[in-house]
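To keep things clear, I will list the structure first and then write my remarks on it.
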Amino acid sequence: MPQEFIQRHLRLLPAVDRILLEKILAEIGEEVPRSLVVETVKEVISEKRSIISRAAAEKELELLNISPPALAREALEKIRGKMEYNLRPVLNATGVLLHTNLGRALLAAAAVEAVKGVGASFSNLEFSLKTGKRSSRYEHVEELLCHLTGAEAALVVNNNAGAVFLALNSLAAGKEVIVSRGELVEIGGSFRLPEVMASSGAFLVEVGTTNKSYLGDYKKAVSEKTALLLKVHTSNFKVLGFTAAVASQSLVGLGRECGLPVMEDLGSGVLVDLSKYGLPYEPRVQDSITAGVDVVTFSGDKLLGGPQAGLIVGKKKYLDHIKSNQLARALRVDKLTLAALEATLRLYLDEKKALQEIPVLRMLTVPSDVLQHRAEDLAVELKKELGSEWQIGVSREKSRVGGGSLPLVSLPSCQVSLELRGVNAGELAQKLRRSKPPVIARVRKQRVLLDLRSLKEEEDKMLLETLVRTFGSAGPGQNGGGK
Ligand SMILES: *Cc1c(COP(=O)(O)O)cnc(C)c1O
C-alpha cells in the first residue's frame, strides 16, 4: 500500500532531462551513443524508484542519495561498463595452460596476422587463383596436414566433438561401433562418447572392462553389423595399476583381418615428440597414421596450439566419404579459423620455430628457472610499489596443462604470492578479476598465487602494471584499486 513518505520520496526523484544536464553526462564523448546515455539514466531512475517503493520505513531512505549529480555519477559508471566488450582479453595467471573457460590455446603471432589479413579483406577462400573457378575452402590446409601427419587426406570441421560426430555418422550410422569400456570418455561434461555416438546414429558396442581390454574382446564382438573399430585416447584421465589396452597397431591388424576401418580419436593431437623436451611421451598424430589407423581426429586448440577446430586425417577413401556427408556443411569452419590454422600448421614445418612461436608449446617447455627469475623480478617490483602491509613472496606450486591434455603431468612452476593483512584472499582475487585487464589467479591457503607459466613473458609487465593499479597506494581496504 502506498504510504505517504514513499509518495513524497518518489516526487523528489529528478527528471531524466535534469540528470542529463549534469556536466559529466552532457560532456560525455561522442563515441558514446546518446540513446545509451538516456536509456541508462532512465534505468538508474527506475532502480531508485523501485528501492523507494519497496521501503518499509522512512529511515531506510535516509541514506539514499538521489541528487542529480549522484545519479549522473551512477549512470556514468554504468555507461562505462556497457561500453566495454563482454568478451575481452584476460591475463591467465592460473598456471593452467589450456583452460577451456579462458579460451584454450593462444594463437601464435603469425596466426593472429593471418586472421587480420583474411578478416579485413576479401580472400580466395573458395576461389582458385590459378583457374579462376570455384574451389574448396579445405584445400588451404589439406596438403599441409597431409605433409605433417603422413595422411592421404584431411578435413577440418568446427571442433573435435564435431569431427568425431561427423566421422561416426559418415562411417557407421545405423551400424555398430566397437569401443573399449575403458575409453568411454567424458570431456568437460558436454562431450560424452556414448552420447555423441547415439546422436551420430551409430550403435555403441562396449568391450572389455574398465581397466582391461584385449584384442580378443574386440574380435568376439565383430559381427556383420559392425562398421567400425574405434579407439579413444583417454586424454583427461589415466587408469593406473592393473591395466591393459589394445595398441592402435593391433587394432589395425584386426580391422584388416575383418575388412573394417579403424578410427582413433586422439583428443589433443600433438605433432611433436614432447619427450624430447622433458615431458612424458604423448602419442602423436603421425604415430597413429604410421600404425595404419584409417581415420584420426583431434582438436585444433589443445596441444596443437591453434584455433578451435576439429581435424580429421586419414585414408582418402574414408575422408572422401566424410567430406561428402551433408552434415559436413553444418560443421564447416569459417575463413578466420582456416587462416589461423594454416599459419599455425606452417610453423610446424620447422619444429624449432613451432616450439618458439606457438604459445602453448612455449609455455609447456619453458624451463622452471626462467619462471623463477620472472617471478622474482615481479616480486621485487611489487614490493617497491605496494605498501608494507603486503606480504609478497615467490612460491613453487606445480601447474597443469589442462583442457583435457596430459592429465598426469604437473609442471614445475613458479608463482608470485600476495597476502594483505586483514583481507580475505578471495576478496583480493575478486578485485583482480574486476581489474582492467582482468587477472585470473589462484587462491591457496589464504594467499593469491599468480602463476607465470600460463603468462607470456611479454605479459609480465602488463601484470605488474595491473597489480599496481589495482592494489596501489589505496589498497582494497579503502575502496582502492588505484584510480
Ligand atoms: C577434447 C576432446 C574431445 C573434444 O574436442 P573439442 O575440440 O573440445 O570438441 C573429444 N575427444 C577427446 C578424446 C578429447 O580429448
Side-chain angles (χ1 to χ4, degrees), residues 96-107 141 145 154-169 171-172 177 179-200 202 204 206 213 228-239 245-246 248 251 262-271 274 280 282-285 287-288 293 295-314 322 327-328 330-334 337-338 340-341 344-345 360 364 400-409:
V96 182
L97 301 188
L98 294 169
H99 200 303
T100 301
N101 304 142
L102 300 183
R104 285 204 190 151
L106 306 188
L107 293 181
V141 290
L145 274 169
L155 175 67
V156 183
V157 294
N158 179 62
N159 60 2
N160 189 32
V164 173
F165 169 80
L166 181 67
L168 289 174
N169 179 270
L171 304 175
V177 178
V179 194
S180 157
R181 274 208 175 81
E183 297 175 358
L184 296 175
V185 298
E186 168 176 315
I187 312 284
S190 50
F191 177 96
R192 305 179 91 193
L193 194 75
E195 270 88 333
V196 173
M197 181 89 73
S199 46
S200 78
L204 172 67
E206 301 170 36
S213 297
L228 186 70
L229 306 178
L230 175 64
K231 187 167 171 62
V232 182
H233 188 52
T234 54
S235 53
N236 61 353
F237 72 101
K238 276 273 186 295
V239 180
V246 175
S248 314
L251 212 54
V262 174
M263 169 167 151
E264 186 165 10
D265 173 18
L266 275 181
S268 211
V270 273
L271 295 176
L274 293 177
E282 175 80 359
R284 300 174 310 160
V285 181
D287 302 330
S288 302
V293 177
V295 176
V296 182
T297 66
F298 55 104
S299 285
D301 56 351
K302 290 185 181 171
L303 288 173
L304 190 80
Q308 177 192 304
L311 288 75
I312 313 176
V313 299
I322 297 170
L327 286 170
L331 293 166
R332 88 175 178 186
V333 280
D334 76 315
T337 304
L338 281 169
L341 184 62
T344 308
L345 291 172
V360 177
L364 195 62
R400 297 209 152 270
V401 180
S405 306
L406 305 176
L408 295 189
V409 178

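Whatever order the structure lists ligands and atoms in, that order sets their numbers, starting from 1.
- Within the 4.0 Å heavy-atom cutoff, Q308 does not count among the residues contacting ligand 1.
- The pair R181-E206 counts as a salt bridge, with a side-chain nitrogen and a carboxylate oxygen less than 4.0 angstrom apart.
- Closest to atom 4 (C) of ligand 1 by heavy atom, among S268, A161, G310, G162, is A161.
- Side-chain atoms of D334 come within 3.5 Å of backbone atoms of T337 as a donor-acceptor pair (strictly under, hydrogens ignored).
- Under 4.0 angstrom from ligand 1, the non-hydrogen atoms of H233 all belong to its backbone.
- Side-chain contact between V409 and L364 is absent, with no heavy-atom pair separated by less than 4.5 Å.
- Considering both main-chain and side-chain atoms, D301 never comes within under 3.5 Å of ligand 1 through any nitrogen or oxygen pair.
- Residue-level proximity to ligand 1 for R192 is absent, since no heavy atom of it falls below 4.0 angstrom.
- Between V232 and ligand 1, no pair of N/O atoms sits closer than 3.5 Å.
- Put simply, the side chain of L311 reaches to within 4.5 Å of the side chain of L341, judged on heavy atoms.
- Here the side chain of Q308 pairs a donor or acceptor atom with the backbone of N158 at under 3.5 angstrom.
- Here the options are V164, L229, V296, V177, the test is side chain to side chain contact (heavy atoms under 4.5 Å, CB included), and the partner is M263; only V164 passes.
- On a distance-only criterion, N160 and ligand 1 share at least one N/O pair closer than 3.5 Å.
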